[in-house]
Q: 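My questions will all concern the structure given below.
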Amino acid sequence: MNQKHALLFAVGAVSILFFAWSTVSAGDMKAEEVGNPALYRSHFGQTPFPNKSIAIDANGVHFFLSPETEKPEYTALYSFFKLGGDFEVSVNYDWTPVIIPKGGYGVSCGVAIETNDKKKSIALARGNFPGQGSAYRVTTGTWREDKKVDYKSEPPFETTAKSGRLIILRKKKEVICLAADEEGEPKELCKIPFTDAAVQRVLIFADPGATPTELDAWFTRFKIRADEMSHHMVKQEQSNPWWGVYAGLVLIVVGTMGYFVVRRIRTGRWRGGAEQ
């Protein structure tokens with residue numbers, strides 16, 4: 001190993017150690033984030049992409065679905081970060097009421113969370129639904145082994161509000177869904193047994209309900225408060241949060257020893273090494 005190789009090795013080892021340390025420390029912060037254009041662009045992705053149905057500006061996020069759309073699709077902003085521990089996700093909505101679609105499962109907009117440990121999700125939506133009318137609706141999803149999803153909806157909560165606030169709150173292994181009409185106080189809609197595992201994605205979405213329909217909705221004052229917020233791993237995902245640091249240290253020690261052993265052999269200063 002020449003000096004150039006040794007330098008490259010050292011840089012690589014230190015990089016691994018730095019990444020491991022950032023992974024350990026990344027989940028230790030408490031967080032409160034308020035939505036703004038810069039945040040939406042740096043911390044969220046869009047599905048599908050590219051997406052002409054989503055516009056982001058200083059006022060918030062605007063979803064616009066057209067009844068002329070040939071292929072109506074669920075559209076959303078989804079977070080690049082994870083949440084750990086107890087948290088609260090909330091957002092204000094303002095929408096123009098639409099006619100209840102004759103087909104599909106209804107048109108709606110709302111906020112949702114997804115977790116990968118047992119493939120669970122919860123969505124809280126404001127919408128118009130066939131057979132249920134104008135209402136808030138909470139839907140849970142559970143992934144099966146065949147990679148399909150079983151959806152279950154709670155009984156609808158009737159409302160005629162054109163604006164309000166949607167709130168998903170987790171305490172330990174229970175999720176509480178709340179909604180506020182207009183400027184009123186939030187009211188509890190339901191409590192759902194969940195999991196305390198890391199939430200992989202937070203979403204705000206618009207759903208045409210599998211049929212071409214119109215939807216014009218704004219989301220503002222998007223806020224997240226959480227015990228942990230991280231782009232890497234949160235505590236529930238770390239069986240040993242120091243594993244990366246240990247691995248980096250071992251790599252540096254082993255590499256350093258190997259360098260000196262090879263050097264001594266090549267210079268003939270090691271018994272059995274090359275002849276002078």
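Only heavy atoms go into these numbers, but all of them, side chains included; no hydrogens, no water, no symmetry mates.
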Q: I would like to know whether Arg165 and Lys223 meet side-chain contact (heavy atoms from CB on, under 4.5 Å); could you show each step before the answer?
A: CA-CA 11 Å; Arg165 190 160 184 81; Lys223 183 181 291 187; 4.0 Å; yes
Q: Once rounded to the nearest 0.5 Å, what's the spacing between atom CD of Glu88 and atom NZ of Lys171?
A: 9.5 Å
Q: So, Asp150 and Arg144, do they make that salt bridge, N to O below 4.0 Å?
A: yes
Q: I'd like to know if the side chain of Asp181 and the backbone of Gly184 have a donor-acceptor N/O pair within less than 3.5 Å.
A: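 Not at all, since once roles are kept as given, no pair shorter than 3.5 Å links the two residues.
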Q: Heavy-atom count around Arg221 CZ within 6.0 Å, excluding the residue itself: above 12?
A: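 Open.
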Q: Within the 4.5 Å heavy-atom criterion, are Val111 and Ile168 side-chain neighbours or not?
A: yes
Q: Identify the heavy atoms of Arg170 and Gly85 that sit nearest to each other, and give their distance.
A: NH2-O, 2.8 Å
Q: With distance as the sole test, does Arg126 use its side chain to make a donor-acceptor pair with the main-chain N or O of Arg137 at under 3.5 Å?
A: no
Q: Treating Thr69 as the side-chain partner and Lys71 as the backbone partner, does any N or O pair qualify as donor plus acceptor under 3.5 Å?
A: no
Q: Quick check: Phe63 with Phe219 (ring centres under 6.0 Å apart)?
A: yes
Q: Taking the side chain as everything from C-beta on, heavy atoms only, tell me whether Phe194 gets closer than 4.5 Å to Ile113.
A: yes
Q: Heavy-atom count around Tyr151 OH within 6.0 Å, excluding the residue itself: above 12?
A: no
Q: Are Gln200 and Glu114 close enough that some pair of their side-chain heavy atoms sits under 4.5 Å apart?
A: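 Answer no - side chains too far apart.
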Q: Show the numbers, then the answer: is there a side chain to side chain donor-acceptor pair (under 3.5 Å) between Asn51 and Thr75?
A: CA-CA 8 Å; Asn51 197 322; Thr75 182; 2.3 Å; yes
Q: Tyr93 vs Tyr136 aromatic rings, parallel, tilted or perpendicular, using cut-offs 30° and 60°?
A: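 Tyr93 vs Tyr136 ring planes: perpendicular.
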Q: Do Trp95 and Ile167 land in one hydrophobic cluster if side-chain heavy atoms of ILVMFWY residues count as linked below 4.5 Å?
A: no
Q: Does the side-chain contact (heavy atoms from CB on, under 4.5 Å) test come out yes or no for Lys120 and Thr140, once each step is laid out?
A: CA-CA 7 Å; Lys120 291 181 177 293; Thr140 59; over 6 Å; no
Q: Shortest non-hydrogen contact from Leu65 to Asp207?
A: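 Distance-wise, the nearest heavy atoms are CD1-C, 4.3 Å.
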Q: Heavy atoms only: give me the nearest Cys109-Ala217 pair and the separation to one decimal.
A: SG-CB, 4.0 Å
Q: Could you check Thr160 against Ser134 for side chain to side chain donor-acceptor pair (under 3.5 Å), going step by step and ending with a plain yes or no?
A: CA-CA 6 Å; Thr160 58; Ser134 180; over 6 Å; no
Q: Mark yes or no for whether Ser90, through its side chain, and Leu166, through its backbone, hold a donor-acceptor pair below 3.5 Å.
A: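 Judged by distance alone, no pair lies under 3.5 Å.
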Q: The test is ring-ring contact (aromatic ring centres under 6.0 Å, His included); show your working for Tyr74 and Phe205 and say whether it passes.
A: CA-CA 7 Å; Tyr74 174 95; Phe205 66 86; 5.5 Å; yes
Q: Determine, step by step, whether Phe222 and Val89 satisfy the side-chain contact (heavy atoms from CB on, under 4.5 Å) criterion, reporting the C-alpha distance in whole Å, the side-chain angles of both residues, the deciding distance to 0.1 Å, and the verdict.
A: CA-CA 8 Å; Phe222 183 49; Val89 177; 3.8 Å; yes
Q: Answer yes or no: is there a donor N or O on one side and an acceptor on the other, between the side chain of Thr220 and the main chain of Gly60, under 3.5 Å?
A: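 No.
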Q: Taking C-beta and beyond as the side chain, do Glu174 and Ile192 meet within less than 4.5 Å on heavy atoms?
A: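 The answer is no, as the side chains (C-beta and beyond) never meet within the 4.5 Å cut-off.
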Q: Would a line drawn from the ring center of Tyr78 to the ring center of Phe44 be shorter than 6.0 Å?
A: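 Centroid distance Tyr78-Phe44: not below 6.0 Å, so no.
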Q: Are any side-chain N or O atoms of Asp86 and backbone N or O atoms of Lys172, one a donor and one an acceptor, separated by less than 3.5 Å?
A: yes
Q: Has Ser79 got a side-chain atom pairing as donor or acceptor with Val202's backbone, closer than 3.5 angstrom?
A: yes
Q: With side-chain contact (heavy atoms from CB on, under 4.5 Å) as the criterion, how do Lys162 and Thr96 come out once you've worked through the C-alpha distance, each side chain's angles and the decisive distance to 0.1 Å?
A: CA-CA 7 Å; Lys162 298 179 182 179; Thr96 302; over 6 Å; no
Q: Ignoring hydrogens, what is the shortest heavy-atom contact between Glu73 and Pro208? Give both atom names and the distance.
A: O-CD, 3.3 Å
Q: Can you name the nearest heavy-atom pair linking Thr115 to Ala197, along with the distance?
A: OG1-CB, 4.2 Å
